[in-house]
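Quick notes on the structure that follows.
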Amino acid sequence: MQHSDMYGLISQASRKLYESVSNVESLNQWKIQMIDLIDQISQLKLASSLINNTTNNTSLDPTDWLSARNIAHETLDLSIELIQSRRDHAVWQPIPVEVRATIDDESFPEQGQPLSAICHDTFKYIVPYSRGNTHPRFWGWAMGESTLGGILADMISSSININAGGCTHTGVLVERKIIQWMRELFGFPKSENGGLIVSGTSVATIICMATARRQFLTNVRQDGIVNGPHLIVYTSTEVHICIVKALELLGFGSKAVHKISVDDNFCMKIDELKKTIEIDRQNGLTPFCIVGNAGTVNMGAFDNLVELSLIARTEKMWFHVDGAFGSLVILDPQRHYLVQGVEFADSLAFDFHKWLHCPYDAGCALIRDGTHLQSTFSVHQSYLANAERGCAGDTPWFCDLGIELSRSFRALKVWFILKEHGTRKLGQKIADNCEQAQYLVSLLEKYQHFIYIIRPVPLNIVNFRLLPEELDKSNHKLIDQFNNDLIADIQISGIAVASTTRIYDRLYIRVCIISHRSTLQDFDIFVDNLLSLYHIRIQNMNQSKY
C-alpha cells in the first residue's frame with residue numbers, strides 16, 4: 001500500500017510543478033500545497049527506510065526499491081531526452097584529458113557505490129563522448145541509430161534476462177518468427193530451423209561459411225581440414241574483410257580467397273570469374289564458394305546475383321551473399337531489383353542494426369536448407385538434453401544451430417522495430433537515404449572544378465575527393481593528406497562525421513547515409529561547413545608560405 005501511496009503523491013507533486021500561478025496569492029497557496037505534499041512524501045520515505053533497514057537483504061536487489069525506481073525513471077527520462085534533443089548537440093567530440101584520466105585512473109571497485117552516483121557518472125563521463133551514431137549527421141561507416149522502441153526492447157530484454165540458447169520460452173518463439181519473416185522477405189523456402197539471430201554480419205558469415213564447409217568436407221567436425229581438398233572461395237576485390245576473417249578462422253587461410261576484379265560499376269567481372277574457376281580446377285584446386293555482394297561497403301555496389309547463382313549451380317558450388325546492409329534495399333519498391341537473385345543463395349548474412357535501426361547488436365544468418373545448420377553445429381551433452389514435456393522442449397535449440405550456447409534475447413528488439421514501424425515505413429526510410437545521397441551529389445557537383453565524385457552512386461554512399469588548385473594535383477600523397485585533415489576538421493567541429501576510404505589507391509571522403517533522422521537540410525549544413533573549413537585550411541596554408 002505504501003508503494004502505491006508514494007507514487008500517487010509523487011504524481012501529484014509532479015503535476016503541481018507545472019501548474020500556472022497568476023498572482024502572489026495563488027503562488028503562496030501553491031507553496032502551501034507543495035510543502036504539504038513534500039511532508040507526506042517524506043513520512044512515507046522514512047517509513048519505507050525503516051522497513052528496509054530491518055530486512056536482512058542478502059541479494060543484489062536494492063534495499064530501497066522506491067528510491068531505486070525513482071533513479072530508474074530518471075535515467076530512462078534522461079535517455080529519452082538524449083534522443084529527443086540529439087540534433088541540438090555535437091555529432092562527436094574528443095574526449096577531454098580530464099575525462100580520460102577519470103576513467104583510466106579509476107581503481108578496482110571493491111566496495112559498491114550508490115546507484116544514483118553511478119548513473120550520474122555515466123551521464124557525465126560516458127554519454128557525452130560516445131561515438132555519435134545516433135545523430136542525423138553521423139555518416140561515418142555503416143551504423144544505425146536505434147529507436148525509442150529499441151531502447152524499450154533492450155530494457156525489457158534485460159529485465160527478463162533470457163538465455164535464448166534453447167528450452168521452451170517465448171524468446172524462442174519470437175526468434176523463430178523473425179527467421180520465418182526474413183526467409184519470406186528474401187524468397188527462401190520455408191524452414192523451421194533455417195537461420196538464427198547473431199551479433200552481426202561478421203559472426204553470421206562465420207556461421208554461413210562453416211555450414212558451407214561441412215557440405216564439402218562432411219567429416220570436418222571429426223577430422224578437421226588436414227589433408228582435405230584445397231577449397232577456394234571467389235569474391236570481388238570489393239569484398240568486406242569479414243569474409244576473409246571468417247575463412248582464416250575456419251582454417252582456410254586468406255590464400256583460399258581468389259579475388260576477381262570489378263568493372264566500372266564496381267561489380268564482379270563474370271567472365272574473369274568463369275575463367276579463374278576453370279584455371280583453378282586445372283591446377284588441382286577445388287572451387288568451393290562464390291560470394292556475391294549485395295551493397296559493397298565502399299560503394300554500395302551490387303554484383304549480378306542471378307548470374308553468380310547460375311555459375312555456382314553449374315559448378316556445384318556454394319553461393320553466399322554478403323548483404324550486411326544493402327540486402328535490405330529489398331524493402332524499397334524502387335530499388336529492390338538490385339538484390340534480385342538473393343532468393344537463389346545458399347546462405348545470406350545481413351544486419352538488423354544498420355538499415356533496420358535496431359540497437360546494437362543484431363545480425364542474421366539465413367541458410368537455404370535449414371537442416372545444414374543443425375548438422376554443422378549440434379552437440380549433445382547430458383546436461384543439455386531436451387525433453388518432450390517441461391521447460392526443456394521446443395527443439396531444436398538455437399545453440400544447436402550456431403556457435404553460441406549463451407545467447408541474449410536479441411530477437412525482441414528486432415520484433416519491436418518491425419512491429420512498431422512496419423516494413424513499408426522502414427523501406428521508405430531506406431529510399432529516403434538513397435535520395436539524400438543523390439541530393440548530396442547535386443550539392444557537390446556545383447564545385448566540380450575542385451571536387452571529384454566517384455560514380456556511379458547506386459545506393460546511399462557518396463565518395464568524393466577535394467583537389468585544391470593551390471596544391472600539386474600530381475602529388476597524390478599530398479592530396480590524400482589534405483582530404484584526411486579536412487575530414488578530421490569536420491569531425492572535431494562537431495558538425496558531422498564522415499569517414500574515409502581508398503578507391504583506386506586514392507583517399508576519398510566517404511559519406512554513408514544510414515539515418516532515419518537525416519533531412520536534406522543536414523546535407524546543406526554539411527557542405528556549407530565543409531567548404532568553410534576547406535577555405536580556412538587553404539588560407540592557413542597560404543599564410544604559412546610567408
Side-chain angles (χ1 to χ4, degrees), residues 141-144 181-188 194-195 198 200-209 212 233-244 246 259-260 262-263 265-270 273 289-313 317-356 362-368 423 426-427 429-431 433-434 437 456-461 512-514:
W141 309 278
M143 296 186 182
W181 284 344
M182 293 303 104
R183 294 182 71 86
E184 179 182 346
L185 176 66
F186 289 107
F188 278 38
V198 294
T201 294
S202 293
V203 171
T205 301
I206 295 172
I207 299 290
C208 294
M209 290 295 100
V233 177
Y234 301 87
T235 74
S236 83
T237 52
E238 295 292 297
V239 68
H240 192 276
I241 192 63
C242 74
I243 300 291
V244 179
K259 295 183 179 180
I260 308 300
V262 295
D263 59 23
N265 293 321
F266 298 90
C267 302
M268 187 190 299
K269 290 182 177 179
I270 300 298
L273 170 65
C289 175
I290 298 173
V291 176
N293 288 309
T296 58
V297 68
N298 264 353
M299 297 295 301
F302 287 76
D303 291 329
N304 187 331
L305 302 182
V306 172
E307 188 67 26
L308 294 183
S309 70
L310 291 173
I311 296 172
R313 191 179 309 152
M317 298 167 64
W318 188 274
F319 178 40
H320 173 73
V321 173
D322 179 7
F325 71 91
S327 60
L328 287 168
V329 79
I330 198 170
L331 296 175
D332 175 7
Q334 297 180 39
R335 298 174 181 84
H336 68 89
Y337 69 90
L338 291 170
V339 79
Q340 184 178 0
V342 70
E343 66 272 19
F344 303 125
D346 293 299
S347 59
L348 167 66
F350 65 98
D351 286 323
F352 295 113
H353 56 228
K354 291 186 173 75
W355 246 348
L356 277 193
C364 187
L366 294 183
I367 305 296
R368 186 174 191 81
T423 55
L426 292 167
K429 297 311 298 181
I430 289 172
N433 288 160
C434 296
V457 180
L459 209 61
N460 63 327
I461 300 173
C512 180
I513 309 164
I514 299 182

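Values below: every heavy atom of this structure, side chains too, minus hydrogens, waters and symmetry copies. Residue indices begin at 1 and follow the sequence shown. As the structure is a computational prediction, the values presented were derived from the model and not from experiment.
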*Is it true that a side-chain atom of Asp332 and a backbone atom of Gln334 form a donor plus acceptor pair closer than 3.5 Å?*
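Yes, the answer is positive, given that a donor and an acceptor are paired below the 3.5 Å cut-off.
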
Please round to the nearest 0.5 Å and tell me the distance separating atom [atom1] of [X] and atom [atom2] of [Y].
X      : Y      : atom1 : atom2 : result
Leu348 : Arg368 : CG    : CZ    : 11.5 Å
Ile270 : Asn304 : CD1   : CG    : 5.5 Å
Phe188 : Asp346 : CZ    : CG    : 8.0 Å
Phe302 : Thr296 : CZ    : OG1   : 8.5 Å
Thr205 : His320 : OG1   : NE2   : 4.5 Å
Ile243 : Asn293 : CD1   : CG    : 7.5 Å

_Criterion side-chain contact (heavy atoms from CB on, under 4.5 Å) on Asn298 and Phe266, from CA distance to verdict_ = CA-CA 9 Å; Asn298 264 353; Phe266 298 90; over 6 Å; no

So which heavy atom on [X] is nearest to which on [Y], and how close?
X      : Y      : result
Ala204 : Cys364 : CB-O, 3.4 Å
Val297 : Ile461 : O-CD1, 3.5 Å
Ala294 : Val339 : CB-CG2, 4.2 Å
Leu308 : Gly292 : CD1-CA, 3.7 Å
Cys208 : Ala365 : SG-CB, 4.0 Å
Val306 : Gly341 : CG2-CA, 3.7 Å

*asked:* For Phe325, run the side-chain contact (heavy atoms from CB on, under 4.5 Å) check against Thr201, Asp351, Ile430, Ile514 and tell me which one passes.
replied: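 That would be Ile514; it is the only one of Thr201, Asp351, Ile430, Ile514 passing the side-chain contact (heavy atoms from CB on, under 4.5 Å) with Phe325.
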
Are [X] and [Y] close enough that some pair of their side-chain heavy atoms sits under 4.5 Å apart?
X      : Y      : result
Cys267 : Val262 : no
Val198 : Ile206 : no
Phe319 : Val342 : no
Phe344 : Leu310 : no
Asn460 : Val329 : no
Tyr234 : Met268 : no

*Take Leu459 and Leu338 through the side-chain contact (heavy atoms from CB on, under 4.5 Å) test and state the conclusion after the steps.*
CA-CA 9 Å; Leu459 209 61; Leu338 291 170; 3.9 Å; yes

*Do Trp355 and Asn433 pass the side-chain contact (heavy atoms from CB on, under 4.5 Å) test, and can you show the C-alpha distance, the side-chain angles, and the key distance before you say yes or no?*
CA-CA 10 Å; Trp355 246 348; Asn433 288 160; 2.9 Å; yes

